[in-house]
Structures are given as C-alpha cells and as structure tokens.
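Letters A, B, ... are given to chains in the order of the sequence lines, protein chains preceding strands, and every chain is numbered from 1. From a predicted model like this one, the values you see are computed outputs, not experimental measurements. Worth knowing before you read on, the calculation uses all heavy atoms, side chains too, and leaves out hydrogens, waters and symmetry mates.
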Amino acid sequence: MNALLEPITAWYDAHARDLPWRRPGTSPWSVMVSEFMLQQTPVNRVLPVHEAWLERWPSPADLAAEPSGEAVRAWGRLGYPRRALRLHASAVAITEQFGGEVPDTYDDLRTLPGVGDYTAAAIASFAFGRAHPVLDTNVRRVLGRTLGGVEFPAPGVTRAERDLAASLVPEVDPEVWAVAVMELGALVCTASGPRCDGCPVFDECAWQRLGKPPYDGPARKTQAYAGTDRMCRGRLLAVLRDAPGSVPRSRLDAAWAEPVQRERALASLLDDGLVVQEGQRFRLP
DNA sequence: AACACGTGGTT
DNA sequence: TAACCAAGTGT
C-alpha cells in the first residue's frame with residue numbers, strides 16, 4: 001500500500017505542466033524522442049528541438065530514411081550528441097525489426113540502442129500505460145526524502161531501492177503514478193531549494209520529520225568541463241554541424257589550439273561514428 | 001563500479 | 001565565480 005499515491009496524483013492533476021509529449025493522442029514516437037532528449041538535458045531546452053524534430057520526422061521510418069548525420073545536425077546544442085546517433089539507430093531498428101512501430105514492451109524497448117532501464121520503463125509507461133518502476137533522478141530523490149529520510153539518494157541504484165520503487169507501482173493507472181512522482185521531483189521536491197511548503201506529502205515525509213538533515217553520504221562528484229576532451233569534442237562537432245558539407249582539417253585546427261588533445265578528440269569522434277573522414281576532409285555521417 | 005560523455009542556466 | 005544541476009547510457 002502506497003500512502004504517497006493519492007496525494008501525489010491529486011497534486012499532479014492540479015499542477016502538471018502541459019508538455020507536448022504528455023498531450024492526449026501523442027504518438028509513442030513523440031514520447032520516445034522526448035525521453036532521449038531529456039536524458040540529462042532540461043525540459044526548457046528540449047521543447048523547441050522536440051517540436052522541430054517531430055515536424056520533420058513524424059515517424060521512426062522518416063528518420064531512418066535519412067543519414068544519421070542529419071539527426072546529429074538537428075540535435076543542435078542539446079549535448080551528448082551520441083544520443084542523436086542512437087536515436088537514429090533505434091529508428092532504423094524499429095523500421096526494420098518492429099514494422100515501423102515503437103515497441104510496446106519493456107523487453108523489446110530495451111533492445112534498442114540508447115534505451116536503458118529508465119528509458120524503457122518510461123516509454124512503456126507513458127506511451128503504453130504499462131506498470132513499471134520508473135526510477136529517474138527525480139523519483140529517487142522523492143523516495144529518498146519521503147521514505148528514506150535523506151536529502152539525496154546514494155550514487156548508484158541499489159536492489160533495495162528498485163524493489164521499493166516496484167512495490168509502489170499501483171495496478172490501476174500505473175503511468176499516472178510514474179509521471180506524477182517524477183513531476184513532483186521536478187517542480188517541488190527539487191535538488192536545491194525544495195518547496196516543502198507546497199508539498200502534498202509534507203506530513204508523510206521522513207526527511208521533513210527528521211528536520212531535513214543535510215546529505216552525509218559519499219561525495220557526489222562534480223564534472224569538470226572547461227579544457228576537457230568533452231569540450232574539445234563539442235567544439236569540433238559544432239564546426240561540422242554548422243557546415244553544409246565537409247570541411248578541411250584546417251577548419252578543425254582553428255576550433256581547438258592544443259594539437260594533442262584535438263587529435264585525440266577527433267579520433268574519438270571518428271571512433272564513435274559522429275564524424276566521417278573522406279580523404280583530407282571531415283563531415284557528419 | 002567508476003568513468004566518459006555536452007551544454008547552458010542558476011546560485 | 002566555480003560549483004551545482006538537468007527525465008541516463010554504455011563500457
């Protein structure tokens with residue numbers, strides 16, 4: 001029995017954001033595209049790209065018919081462009097192996113590139129109403145606080161945490177619970193500055209009852225960016241995204257001064273399939 | 001299990 | 001300003 005279910009779903013009914021991929025009649029493909037884009041990228045930056053993407057490629061087959069480089073270009077500055085490559089590869093797999101329809105089971109979804117545990121559960125739940133624990137960073141934080149009494153969950157999902165999340169999934173309208181608890185984490189039970197005043201489960205929250213003790217687990221590592229290979233890759237790829245065709249090596253040289261790191265980054269981009277070399281020129285795949 | 005992987009807004 | 005944070009996945 002889940003004491004959080006009623007208050008959180010009631011709160012969701014009153015406060016949910018109107019997002020395109022949540023509207024009635026939205027296609028599973030629209031949900032899938034949103035889930036790929038939302039992997040580590042905030043909603044506000046996803047919104048315009050998602051809209052343009054669905055307009056250009058209304059179905060998986062539409063995307064699959066184009067070179068993967070077009071997906072990388074359309075991905076723009078959402079970050080982690082390998083996701084664009086994987087979304088394109090998933091569209092190809094859906095077209096070739098699933099008759100052009102986004103698979104409607106967790107196990108089939110899980111076979112697609114770029115679809116991990118969270119994304120498979122999310123698509124199965126949001127697009128098809130299936131019952132799965134949808135355990136993203138928001139849900140982990142909400143459950144960690146309300147039921148665990150800690151400000152932040154430990155790095156890495158434990159078996160116990162997964163079992164707990166599974167035990168909370170209701171038989172009726174499981175997808176509403178999934179989206180509601182996620183939304184609460186996104187809007188109220190936020191990582192910093194949680195709005196506990198407006199929380200529908202204030203009285204059920206263990207962390208609140210304990211006086212909101214600060215996180216005391218293992219250090220959560222922060223990611224450096226300036227000067228890293230990731231930044232270098234981003235600069236190189238931006239040159240190719242903004243060029244209509246291929247570019248000479250000199251254009252890449254101009255984008256990053258340090259030659260050893262530049263060559264290492266370019267090699268990794270080639271290795272990832274994000275960049276293709278033809279002769280002495282470079283382009284998107 | 002730890003690490004690599006983009007980008008930009010907020011504090 | 002540097003750090004933190006954002007609906008993770010693959011190796």
Side-chain angles (χ1 to χ4, degrees), chain A residues 12 16-17 19-22 30-50 72 75-87 89-90 109-127 132-142 151-159 165 175 178-187 189-194 214-215 218-241 255-256 261 264-265 267-269 271-275:
Chain A
Y12 181 77
R17 290 168 292 179
L19 301 174
W21 46 87
R22 286 182 186 163
S30 170
V31 172
M32 179 168 173
V33 170
S34 80
E35 291 303 336
F36 268 74
M37 292 180 173
L38 288 164
Q39 291 169 2
Q40 302 284 280
T41 302
V43 167
N44 287 337
R45 278 204 283 147
V46 164
L47 245 16
V49 184
H50 177 270
V72 174
W75 196 256
R77 305 189 67 79
L78 290 182
Y80 292 142
R82 291 188 297 189
R83 291 181 291 163
L85 232 36
R86 293 180 183 138
L87 181 53
S90 278
L109 286 162
R110 204 65 178 71
T111 68
L112 300 172
V115 178
D117 173 67
Y118 161 76
T119 302
I123 297 171
S125 181
F126 303 151
H132 292 282
V134 180
L135 203 49
D136 77 326
T137 187
N138 288 306
V139 176
R140 293 192 67 213
R141 192 172 53 246
V142 171
E151 183 180 21
F152 296 112
V157 181
T158 65
R159 176 58 187 274
E175 76 282 8
V179 74
V181 66
M182 195 176 308
E183 188 79 335
L184 185 71
L187 298 184
C189 194
T190 50
S192 56
Y215 178 74
R220 300 180 297 158
K221 53 175 59 76
T222 164
Q223 285 194 80
Y225 183 59
T228 62
D229 285 11
R230 267 197 340 285
M231 182 175 186
C232 181
R233 284 167 55 104
R235 293 292 173 82
L236 297 180
L237 203 57
V239 170
L240 298 180
R241 264 200 321 262
W256 193 265
Q261 188 176 33
R264 183 171 66 234
S268 74
L269 287 169
D271 189 56
D272 285 347
L274 281 163
V275 175

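Side chain of A:Arg82 to backbone of A:Gly114: no donor-acceptor contact under 3.5 angstrom is found.
To the nearest angstrom, P of B:dC3 lies 13 Å from CZ of A:Arg230. Residue A:Arg235 contributes atom CZ, which lies 9 Å from atom P of B:dT7 at whole-angstrom precision. Atom-to-atom, CD of A:Gln40 to P of C:dG10 comes out at 13 Å; the value is rounded to the nearest Å. Rounded to whole Å, atom P of B:dC3 lies 11 Å from atom CD of A:Gln223. Rounding to whole angstrom units, CZ of residue A:Arg110 and P of C:dG10 are separated by 7 Å. A:Tyr225 has its OH atom 19 Å from the P atom of C:dA6, to the nearest Å. In this structure, A:Leu85 atom CG and C:dG8 atom P are separated by 20 Å, rounded to whole Å. Remark: C1' of B:dC5 and CG of A:Leu236 are 14 Å apart, rounded to the nearest angstrom.
The listed nucleotides are C:dA7, B:dG6, C:dA3; the one nearest the side chain of A:Arg233 is B:dG6. For A:Thr119, the side-chain atoms get nearest to C:dG8 when compared with the rest of C:dG8, C:dC5, C:dA7. Nearest nucleotide to the side chain of A:Asp136, out of C:dA6, C:dA7, B:dA4: C:dA7. Between C:dA7, C:dC4, B:dG6, one nucleotide has an atom nearer to the side chain of A:Thr222 than all others, and that is C:dC4. Listed nucleotides: C:dT9, B:dG6, B:dG8. Nearest to the side chain of A:Tyr118: C:dT9. If you check C:dG10, C:dA6, B:dC5 against the side chain of A:Tyr80, the one that comes closest is B:dC5. With C:dA7, C:dC5, B:dC5 as the candidates, the nucleotide lying closest to the side chain of A:Arg82 is B:dC5. With B:dT7, C:dG10, C:dA7 as the candidates, the nucleotide lying closest to the side chain of A:Arg86 is C:dG10.
Nucleic acid contact for A:Gly79: base, since at least one base atom lies under 4.0 Å from a heavy atom of the residue. Heavy atoms of A:Trp75 sit nowhere under 4.0 angstrom from any nucleic acid atom. Contact annotation for A:Arg22: base contact, defined as any heavy-atom pair under 4.0 Å involving a base atom.
Applying the 3.5 Å distance criterion, the base of B:dT7 shares a donor-acceptor pair with the side chain of A:Arg45. Residue-to-nucleotide contacts include no donor-acceptor pair under 3.5 Å from the side chain of A:Thr137 to the base of C:dG8.
On the P atoms, B:dC3 is 23 Å away from C:dA7, given to the nearest whole Å.
Of the two residues near DNA chain C, A:Pro113 and A:Glu35, the one whose nearest nucleotide lies more 5' is A:Glu35.
Counted by atom type alone, A:Arg83 and A:Gln40 present zero donor-acceptor pairs between their side chains at under 3.5 Å.
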